[in-house]
Amino acid sequence: MSNKENLLSSLEAMLFAAGDPVDASKLAEVLEVDIESVTKMLSHLGAMYDERESGLMLIKVDNKYQLCTREKHSEEVRRLLEIKKNTPLSSAAFEVLAIIAYNKSVTRSFIEQVRGVDCSGPISSLVQKGLIEEKGRLDLPGRPLVYGTTDRFLRCFSLNSLDDLPELPNTEEIEKMGKDDSQTSLFDNENAMDAILTPVSDEEGEEE
């Protein structure tokens, strides 16, 4: 693979992983090339998608670039997202949801520090289900997104506010859970988390 092809594939991978629009200067910084070269490669990448009539396309918004699906595939994409939306939450998603709920609003990096693994999948799933949402950005380098729970989260779990969340287990209970092989996560503690494990249908009648 030539250096140009390698840079193109790197650009494609970064844009896919980012999801949100990315400034050309940030892409140039990561690839350690000048912005003009990155802009040319992005134009070439977009032309490649158009030429082969790919389901993806590259768009530019305020000098930021983003991969997105073509409008002609919107119906199929919508149906897929609806299927994912109604899929039951995984244990990982429950854990991420608990971290966000108990801390009121947190960044993805904070969640990943607590869990020790990448959490992009569970976060994306929770956003799609409308249980969490972006609350803004921190005034820090990189302007990280802050996530918080939604009103739909409160409805689904029959809570008036986050203050109604059950108390977390104390240190002794957590240590006991860690020694018990049958307890795989915080959510196996029936006394502490029973309310969270049994959500009810929301006002719109949708199932979680």
Side-chain angles (χ1 to χ4, degrees), residues 1-74 76-85 87 89-97 99-100 105-148:
M1 180 182 291
S2 68
N3 185 53
K4 181 179 179 180
E5 291 174 331
N6 185 57
L7 288 173
L8 277 172
S9 63
S10 294
L11 276 175
E12 187 175 36
M14 287 190 294
L15 289 170
F16 176 82
D20 296 325
V22 183
D23 195 289
S25 62
K26 292 188 179 297
L27 296 170
E29 180 181 351
V30 173
L31 295 177
E32 298 181 343
V33 297
D34 57 84
I35 295 182
E36 183 179 353
S37 297
V38 166
T39 302
K40 289 181 179 179
M41 285 188 287
L42 287 167
S43 296
H44 181 60
L45 183 63
M48 288 172 55
Y49 287 134
D50 293 339
E51 184 177 348
R52 64 173 184 250
E53 297 184 351
S54 170
L56 298 177
M57 61 184 295
L58 183 64
I59 63 173
K60 179 181 179 182
V61 181
D62 293 333
N63 204 40
K64 294 183 178 181
Y65 295 81
Q66 181 180 23
L67 285 179
C68 63
T69 55
R70 294 188 186 277
E71 186 177 358
K72 65 179 181 180
H73 300 301
S74 61
E76 296 96 322
V77 172
R78 185 192 65 78
R79 290 203 301 268
L80 175 62
L81 294 179
E82 282 298 317
I83 293 174
K84 291 183 66 177
K85 181 179 179 181
T87 302
L89 291 179
S90 65
S91 60
F94 267 120
E95 290 174 6
V96 169
L97 187 57
I99 292 170
I100 295 173
S105 59
V106 295
T107 62
R108 171 179 157 182
S109 62
F110 176 87
I111 298 169
E112 293 176 344
Q113 286 177 8
V114 173
R115 298 195 67 239
V117 294
D118 178 81
C119 296
S120 56
I123 289 174
S124 176
S125 175
L126 292 169
V127 170
Q128 290 173 359
K129 291 177 182 296
L131 296 175
I132 65 172
E133 63 184 0
E134 297 174 2
K135 296 292 187 178
R137 293 181 180 272
L138 292 182
D139 190 16
L140 295 172
R143 302 278 293 167
L145 283 168
V146 175
Y147 294 94

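Values below: all heavy atoms of this structure, side chains included; hydrogens, waters and symmetry mates excluded.
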Original post:
Residues in salt bridge (Lys or Arg N to Asp or Glu O under 4.0 Å) with Glu134, at least two apart?
Top reply: none
**OP:** Side-chain contact test, heavy atoms from C-beta onward, threshold under 4.5 Å: evaluate it for Met41 versus Leu27 and give yes or no.
**Re:** no
Original post:
Can you name the nearest heavy-atom pair linking Ala92 to Pro122, along with the distance?
Top reply: CB-CG, 4.1 Å
**OP:** Could you list the residues that satisfy side chain to side chain contact (heavy atoms under 4.5 Å, CB included) with Met57, not counting sequence neighbours?
**Re:** Ile59, Cys68, Arg70
Subject >> Criterion side chain to side chain contact (heavy atoms under 4.5 Å, CB included) on Asp23 and Lys64, from CA distance to verdict >> reply: CA-CA 4 Å; Asp23 195 289; Lys64 294 183 178 181; 4.2 Å; yes
**OP:** Go through the steps to decide whether Leu11 and Met14 satisfy the test side chain to side chain contact (heavy atoms under 4.5 Å, CB included), and finish with yes or no.
**Re:** CA-CA 5 Å; Leu11 276 175; Met14 287 190 294; 4.1 Å; yes
Original post:
Any chance CD of Glu133 has more than 12 other-residue heavy atoms, nucleotides or ligands included, within less than 6.0 Å?
Top reply: yes
Original post:
Looking only at heavy atoms, what is the nearest atom pair of Glu112 and Asp118, with distance?
Top reply: OE2-OD1, 3.3 Å
Subject >> Side-chain donor or acceptor of Ser10 paired with backbone N/O of Asn6 under 3.5 Å >> reply: yes
Original post:
In Å and rounded to the nearest 0.5 Å, what is the CG to NZ distance from Leu7 to Lys40?
Top reply: 13.5 Å
Original post:
Roughly how far apart are Leu67 CG and Leu15 CG, rounded to 0.5 Å?
Top reply: 5.0 Å
**OP:** Report the distance from atom OG of Ser25 to atom CG of Asp34, rounding to the nearest 0.5 Å.
**Re:** 12.5 Å
**OP:** Determine yes or no for a side-chain-to-main-chain donor-acceptor pair under 3.5 angstrom, with Ser124 supplying the side chain and Ser120 the backbone.
**Re:** no
Subject >> Heavy-atom closest contact (Gly148 atom, Ile100 atom, distance) >> reply: CA-CG2, 3.7 Å
Subject >> Over 12 non-hydrogen atoms of neighbours within 6.0 angstrom of NZ in Lys135 >> reply: yes
Subject >> Ala24 versus Ile35, closest heavy-atom pair with distance >> reply: CB-CG2, 4.4 Å
Original post:
So which of Asp139, Thr107, Val106 actually passes side-chain contact (heavy atoms from CB on, under 4.5 Å) with Pro144?
Top reply: Thr107
Original post:
What's the spacing between Leu45 CG and Tyr65 OH if we round to 0.5 Å?
Top reply: 11.0 Å
Original post:
What are the two closest non-hydrogen atoms of Leu56 and Tyr49, and how far apart are they?
Top reply: O-CB, 3.5 Å
Subject >> Straight-line distance of His44 NE2 to Glu51 CD, nearest 0.5 Å >> reply: 8.5 Å
**OP:** Of all the heavy-atom pairs spanning Leu42 and Leu58, show the shortest one and how long it is.
**Re:** O-CD2, 3.2 Å
Subject >> Separation between CD1 of Ile132 and CD1 of Ile123, rounded to the nearest 0.5 Å >> reply: 6.0 Å
